[in-house]
Engineer: 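Handing you a structure now.
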Amino acid sequence: MKIATWNVNSLGVRLPQVLDWLAANQPDVLCLQETKLTDDKFTHAEFKEAGYESQWFGQKTYNGVALLSKTPANDIAKNIFGFEDEQTRVIAGTVGDVRVIGAYFPNGQEPGSEKFAYKMKWLDALREWVRSELAKHPKLALLGDFNIAPEDRDVCDPVAWAGQIHCTVEERDHFQKLVGLGLHDAFRLFDQAPKLYSWWDYRMLAFRRNQGLRIDHILVSDALKPRVLACHIDKLPRKNERPSDHAPVVVELS
DNA sequence: ATGGCCTTGGTACAAGGA
């Protein structure tokens, strides 16, 4: 079973690239972030044509998430239960025997800002909800654009990024608290080459220079960990014309 | 060469992203 996540930075713009990627990679599940489409504009017919069922949760201009799967997802949840939020950031469903939670974590803008405070509250709420989901569904994957680089080795220039958004102690503490629920960063279950990232700024020729961050993650539960065969970041779509600034992350399960 | 982008809404440029 192959499960993937990709922040597409506008599905309206990126749909052809997503369809190409699905055809080439054939994941069983793909979680999308930053679809930026209202629900009436979601491209479920195109995905159906490509062999995928869709669940989606969008809004105008910003955010927006979706869960694509070869077999229908059940027990769909949208956003964090009990956490009032105008923003569409979470979609969850059960595919086969795996509970899949796809999330677009808040950016946070800069430490000390209102958006950073929202990120902290959102992370608190997410953790408590994921705790309850884990109790109900031991075989669980939490994946998406976390907007957190967990460690210095996930950062191209740790000195320049020290204390900056995505790299603050507060954000990294939150990441570790999520891991503390009984989750594992699938990427780090394996020996990986150094300097592998999932996001590169559009500016400054950052991709060509590999000046990136690893902020897109797949966390797997204790019960799922023994089934993890591989995890990798697919840089190929970042080389497309008009690419998303993020690359897909893929985990393979037995 | 130390700065270099992209998307949306809406039709000029501001806001947000990371």
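Chain letters run A, B, ... following the sequence lines, proteins first and then strands; every chain starts at 1.
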Engineer: Pick base, sugar-phosphate or nothing for R14(A), based on heavy-atom distances below 4.0 Å to the nucleic acid.
Structural biologist: sugar-phosphate
Engineer: I need the NZ-C1' distance between K119(A) and dG17(B), as an integer number of Å.
Structural biologist: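 In whole Å, dG17(B) C1' and K119(A) NZ are 11 Å from each other.
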Engineer: Could you work out which one of dT7(B), dA18(B), dG9(B) sits closest to the side chain of L213(A)?
Structural biologist: dA18(B)
Engineer: Could one point to a donor on the side chain of N107(A) or the base of dA18(B) with an acceptor on the other under 3.5 Å away?
Structural biologist: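 In this structure, the two groups form a donor-acceptor pair.
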Engineer: Taking only side-chain nitrogens and oxygens of N9(A), does any of them come within less than 4.0 Å of OP1 or OP2 of dT7(B)?
Structural biologist: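 N9(A) to dT7(B) OP1/OP2: no side-chain N or O under 4.0 Å.
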Engineer: If you check the Y104(A) side chain, which of dT7(B), dG16(B), dA18(B) turns out closest?
Structural biologist: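 In terms of side-chain proximity for Y104(A), the closest of dT7(B), dG16(B), dA18(B) is dA18(B).
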Engineer: Which part of the nucleic acid, if any, lies within contact of N63(A), taking any heavy atom under 4.0 Å across all strands shown: a base, the sugar-phosphate backbone alone, or nothing?
Structural biologist: nothing
Engineer: dT2(B) C1' sits how many Å from D201(A) CG, rounded?
Structural biologist: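 About 15 Å, once rounded to whole Å.
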Engineer: Please determine which of L181(A), L134(A), T94(A), V98(A) meets the side chain to side chain contact (heavy atoms under 4.5 Å, CB included) test together with L140(A).
Structural biologist: L134(A)
Engineer: D245(A) CG to dG16(B) C1': how many Å, rounded?
Structural biologist: 12 Å
Engineer: If the plane angle is over 60° it's perpendicular, under 30° parallel, otherwise tilted; pick one for W200(A) and F207(A).
Structural biologist: perpendicular
Engineer: Tell me what I165(A) touches on the nucleic acid: a base, only sugar-phosphate, or nothing, going by heavy atoms under 4.0 Å.
Structural biologist: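 No contact.
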Engineer: If you assign each of W200(A) and K60(A) to its closest nucleotide in DNA chain B, which residue comes earlier from the 5' end?
Structural biologist: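 Residue closer to the 5' terminus by nearest nucleotide: K60(A).
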Engineer: Let me spell it out: for each of R209(A) and Y62(A), pick the nucleotide of DNA chain B with the closest heavy atom. Which residue's pick is nearer the 5' end?
Structural biologist: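 Of the two residues, R209(A) wins.
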Engineer: Report which part of the nucleic acid N7(A) touches: base, sugar-phosphate, or nothing (heavy-atom distance under 4.0 Å, all strands).
Structural biologist: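 Touches sugar-phosphate only.
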Engineer: Take the angle between the ring planes of W56(A) and F42(A) and call it parallel below 30°, perpendicular above 60°, tilted in between.
Structural biologist: parallel
Engineer: In whole Å, measure the gap between the C1' atoms of dG10(B) and dA15(B) for me.
Structural biologist: 14 Å
Engineer: Report the residue from F105(A), F175(A), F187(A) that forms a ring-ring contact (aromatic ring centres under 6.0 Å, His included) with H217(A).
Structural biologist: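 So, applying the ring-ring contact (aromatic ring centres under 6.0 Å, His included) to H217(A) and each of F105(A), F175(A), F187(A), only F175(A) qualifies.
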Engineer: Nearest-Å distance, CZ (R203(A)) to P (dG17(B))?
Structural biologist: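 Computing the R203(A):CZ to dG17(B):P distance gives 13 Å.
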Engineer: Mind listing the closest non-hydrogen atom pair of S10(A) and V13(A) along with its distance?
Structural biologist: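 The answer is OG-N, 3.1 Å.
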Engineer: Is the distance from OP1 or OP2 of dG16(B) to the nearest side-chain N or O of T61(A) less than 4.0 Å?
Structural biologist: no
Engineer: Can you tell me the distance, in whole Å, between the CD atom of Q87(A) and the P atom of dG17(B)?
Structural biologist: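 After rounding, the gap between these two atoms is 8 Å.
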Engineer: Think R242(A) has a side-chain N or O under 4.0 angstrom from the OP1 or OP2 of dT7(B)?
Structural biologist: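 Yes, R242(A) has a side-chain N/O under 4.0 Å of OP1/OP2 on dT7(B).
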Engineer: Across the strands shown, which category fits Q164(A) at heavy-atom distances under 4.0 angstrom: base, sugar-phosphate, nothing?
Structural biologist: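 Touches nothing.
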Engineer: Calculate the interatomic distance between R89(A) atom CZ and dG17(B) atom P; express it in whole Å.
Structural biologist: 7 Å
Engineer: I'd like the C1' distance from dT7(B) over to dT11(B), given in whole Å.
Structural biologist: 15 Å
Engineer: Looking at D97(A) and R227(A), is any side-chain nitrogen of the basic one under 4.0 Å from a carboxylate oxygen of the acidic one?
Structural biologist: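 Result for this pair is yes, salt bridge flagged.
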Engineer: Q109(A) has an atom CD; how far is it from atom C1' of dA18(B), in whole Å?
Structural biologist: 10 Å
